K.L.:
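Here it is, the structure, as structure tokens.
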2 protein chains.
Amino acid sequence: MVRQPQINAQNRPPLSTERIIEAALHIIDGQGLGRLTMRRLGDALEVEAMAIYHHLPRGKEQLLDGLVAHVGAAPADLPGALERAAGWRDALRRWAHDYRARLLEHAGVLPLLVTGRNPAALAETTASLREILRQGGLPEVPAAAAAHALLAFVLGHAALEVRGTAEGAAALRATEGPVDWNTRFSAGLDLVLNAVNPG
Amino acid sequence: MVRQPQINAQNRPPLSTERIIEAALHIIDGQGLGRLTMRRLGDALEVEAMAIYHHLPRGKEQLLDGLVAHVGAAPADLPGALERAAGWRDALRRWAHDYRARLLEHAGVLPLLVTGRNPAALAETTASLREILRQGGLPEVPAAAAAHALLAFVLGHAALEVRGTAEGAAALRATEGPVDWNTRFSAGLDLVLNAVNPG
DNA sequence: ACCTGAACACCGTTCAAGT
DNA sequence: ACCTGAACACCGTTCAAGT
């Protein structure tokens, strides 16, 4: 076995902000946000909880900020998006489907996204949506409004899906009937995209 | 002073679920969700924290469920909404503005709303939106989709507003320029409402 | 019926100390 | 530079006890 300088005496990779964030996300996805504690996170990383503070001096606040950035910052890959897609509307539709999937995959992080924490995290995402709309022919102001409307719809819809598919929603589904969330999302998305005029 | 049977020996009103929820909301609005603890809530109610469990046996979970219901359950006042408004589109617009104001007033509860907790809390709201759209002439399926799209937009936009107006967003506003959120919300709302066909 | 007090098993974080 | 161990001030909640 080749010597690996990155591996320390205890034969495990050293701590890093990335590894910490990933371990935290794994705990959230598996057990829920409420069970993410510094001590449990330390256990998952095979380290004392206090070691985390060496990499995240602001502690748990900084950890949650990092999670918001990790999940929420998904720009639309500006150069590639328009080339691969059949027009800007299709590019936005693809982005929206991807972003929704990302949010639902890490639904436990959603509560952190609807908070004032790490406000810059979604800036790049909004900017890239706005730019696609501008290249689609929209003036500055309507493009900015449409970008926010689209992002708001995707965020809000993810929230409704989380609520509607929760375990406790079984009684709800019994009275209201089951909902096909994929269809519902696509329908709402088309509603929003069709309201954006040019194209 | 007239004798008040509701007032006990310590000369304060007895605990009730409503008073507990209102005190909790007051703490959240003033200090943030993170500072809502059973002990602090007890202090605010001039009672030991453990007394709360007599009214909310499931403890903090039940308290948070109640907060979701209190803030999130705002149906569109079906009988009155259409009479007072100039058509269903105007009725939905009014509801959306009211609901947004409510969410922003209690922004600290928003993270609880994007969770699977108390899934029934928003059912009445969705149902009344759907009914307005039906009375506007929409068939069942498009009405259900449009109701969800509208609610998703309002929820998601409130989230974006919370992020955009956070203290930490000052640097963001410096680079991106300030946003008029009222205008932005109205623009997005019109976008969504205009996409809903009849009327 | 309604509330209290003490206790338990946890939290996040500081700080001095180890290597 | 990177991590540990002990300690502190909090948490939510249980349970027996008071009135």
Side-chain angles (χ1 to χ4, degrees), chain A residues 4-25 27-28 30-68 108-109 111-112 115 117-118, chain B residues 4-25 27-28 30-68 108-109 111-112 115 117-118:
Chain A
Q4 294 183 307
Q6 256 85 342
I7 307 294
N8 68 5
Q10 283 89 40
N11 217 39
R12 48 185 167 84
L15 228 43
S16 71
T17 304
E18 276 207 7
R19 277 189 64 226
I20 294 172
I21 299 273
E22 263 155 34
L25 204 54
I27 291 174
I28 294 175
Q31 312 184 242
L33 181 59
R35 288 187 57 84
L36 174 65
T37 70
M38 298 301 274
R39 285 170 154 98
R40 238 188 295 268
L41 184 54
D43 282 352
L45 293 161
E46 293 184 279
V47 103
E48 292 300 313
M50 297 70 207
I52 298 166
Y53 289 79
H54 194 267
H55 300 264
L56 303 175
R58 274 177 36 245
K60 197 171 188 184
E61 286 299 311
Q62 194 172 359
L63 174 65
L64 300 184
D65 286 355
L67 287 164
V68 167
V109 179
L112 304 176
T115 288
R117 93 168 58 246
N118 199 354
Chain B
Q4 295 183 305
Q6 257 84 341
I7 307 294
N8 68 5
Q10 285 88 40
N11 215 38
R12 49 186 166 82
L15 228 43
S16 72
T17 304
E18 277 208 6
R19 277 190 62 228
I20 295 172
I21 298 272
E22 264 155 33
L25 205 53
I27 291 175
I28 294 175
Q31 312 183 242
L33 182 60
R35 289 188 55 85
L36 174 66
T37 70
M38 298 302 273
R39 286 169 154 100
R40 236 188 297 266
L41 184 53
D43 282 351
L45 293 162
E46 295 184 279
V47 103
E48 292 300 313
M50 296 73 206
I52 298 167
Y53 288 80
H54 194 266
H55 300 264
L56 304 175
R58 274 175 40 244
K60 196 171 188 184
E61 286 298 312
Q62 194 171 358
L63 175 64
L64 299 184
D65 286 356
L67 287 165
V68 167
V109 180
L112 304 176
T115 288
R117 92 166 61 243
N118 199 355

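Keep in mind it's a predicted model, so treat the numbers as computed, not measured.
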K.L.:
Among the nucleotides dT13(C), dA1(C), dC11(D), which one has an atom lying closest to any side-chain atom of Y53(A)?
P.N.:
dT13(C)
K.L.:
Using both distances under 3.5 Å as the test, list the Watson-Crick or G-U wobble partner of dC10(D), or none.
P.N.:
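By the stated definition (distances under 3.5 Å), nothing pairs with dC10(D).
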K.L.:
Quickly work out the E61(A) CD to dC11(C) P distance and round it to whole Å.
P.N.:
17 Å
K.L.:
Within this structure, what is the NE2-to-P distance between H54(B) and dT4(C), rounded to whole angstrom?
P.N.:
12 Å
K.L.:
Tell me the interatomic distance from Q62(B), atom CD, to dG12(D), atom P, rounded to whole angstroms.
P.N.:
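Going from CD in Q62(B) over to P in dG12(D) covers 15 Å.
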K.L.:
Can you tell if the side chain of L67(B) reaches within under 4.5 Å of the side chain of I21(B), non-hydrogen atoms only?
P.N.:
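A side-chain contact under 4.5 Å exists here.
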K.L.:
Assign M38(A) to base, sugar-phosphate, or nothing according to its heavy-atom contacts below 4.0 angstrom with the strands shown.
P.N.:
sugar-phosphate
K.L.:
Please pick, from dC11(C), dT4(C), dT4(D), the nucleotide with the shortest atom-to-atom distance to any side-chain atom of R40(A).
P.N.:
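Nearest nucleotide to the side chain: dC11(C).
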K.L.:
Taking atom C1' of dC3(D) as reference, at what distance in whole Å does atom CZ of R19(A) sit?
P.N.:
13 Å
K.L.:
I want to verify a distance call: between dT13(D), dC11(C), dT4(D), whose nearest atom is closest to the E48(A) side chain?
P.N.:
dT4(D)
K.L.:
Choosing from dC3(D), dT13(C), dC3(C), which nucleotide comes nearest the side chain of H55(B)?
P.N.:
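Nearest to the side chain of H55(B) among the choices is dC3(C).
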K.L.:
From dC11(C), dC2(D), dC3(C), pick the nucleotide closest to the side chain of V47(B)?
P.N.:
dC3(C)
K.L.:
Any base atoms under 4.0 Å from R35(B), or only sugar-phosphate, or nothing? Heavy atoms, all strands.
P.N.:
nothing
K.L.:
For the pair made of CG in D43(B) and P in dT4(C), what is the distance, rounded to whole Å?
P.N.:
11 Å
K.L.:
Quick check against the 3.5 Å criterion: does R117(A) have a side-chain atom that pairs as donor or acceptor with the backbone of L112(A)?
P.N.:
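Such a contact is absent between R117(A) side chain and L112(A) backbone.
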K.L.:
Write down the partner of dA16(D) under the Watson-Crick or G-U wobble criteria, each distance required to be under 3.5 Å.
P.N.:
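dT4(C) is the nucleotide pairing with dA16(D).
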K.L.:
For the side chain of M50(A), starting at C-beta, report the closest nucleotide among dT14(C), dA1(C), dT4(C).
P.N.:
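Between dT14(C), dA1(C), dT4(C), the one nearest the side chain of M50(A) would be dT14(C).
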K.L.:
Without decimals, in angstroms, what is the distance between I52(B) CD1 and dT14(D) C1'?
P.N.:
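To the nearest whole Å, that distance equals 15 Å.
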K.L.:
Can you see which heavy atom on I27(B) is nearest to which on A44(B), and at what distance?
P.N.:
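Where I27(B) meets A44(B) most closely, the heavy atoms are CD1-CB, 4.2 Å.
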K.L.:
Counting side-chain heavy atoms from CB outward, which of dC3(D), dT14(C), dT13(D) is closest to K60(B)?
P.N.:
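Nucleotide nearest to K60(B)'s side chain: dT13(D).
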K.L.:
Measure from CG on L36(B) to C1' on dC10(D) and round the result to the nearest Å.
P.N.:
15 Å
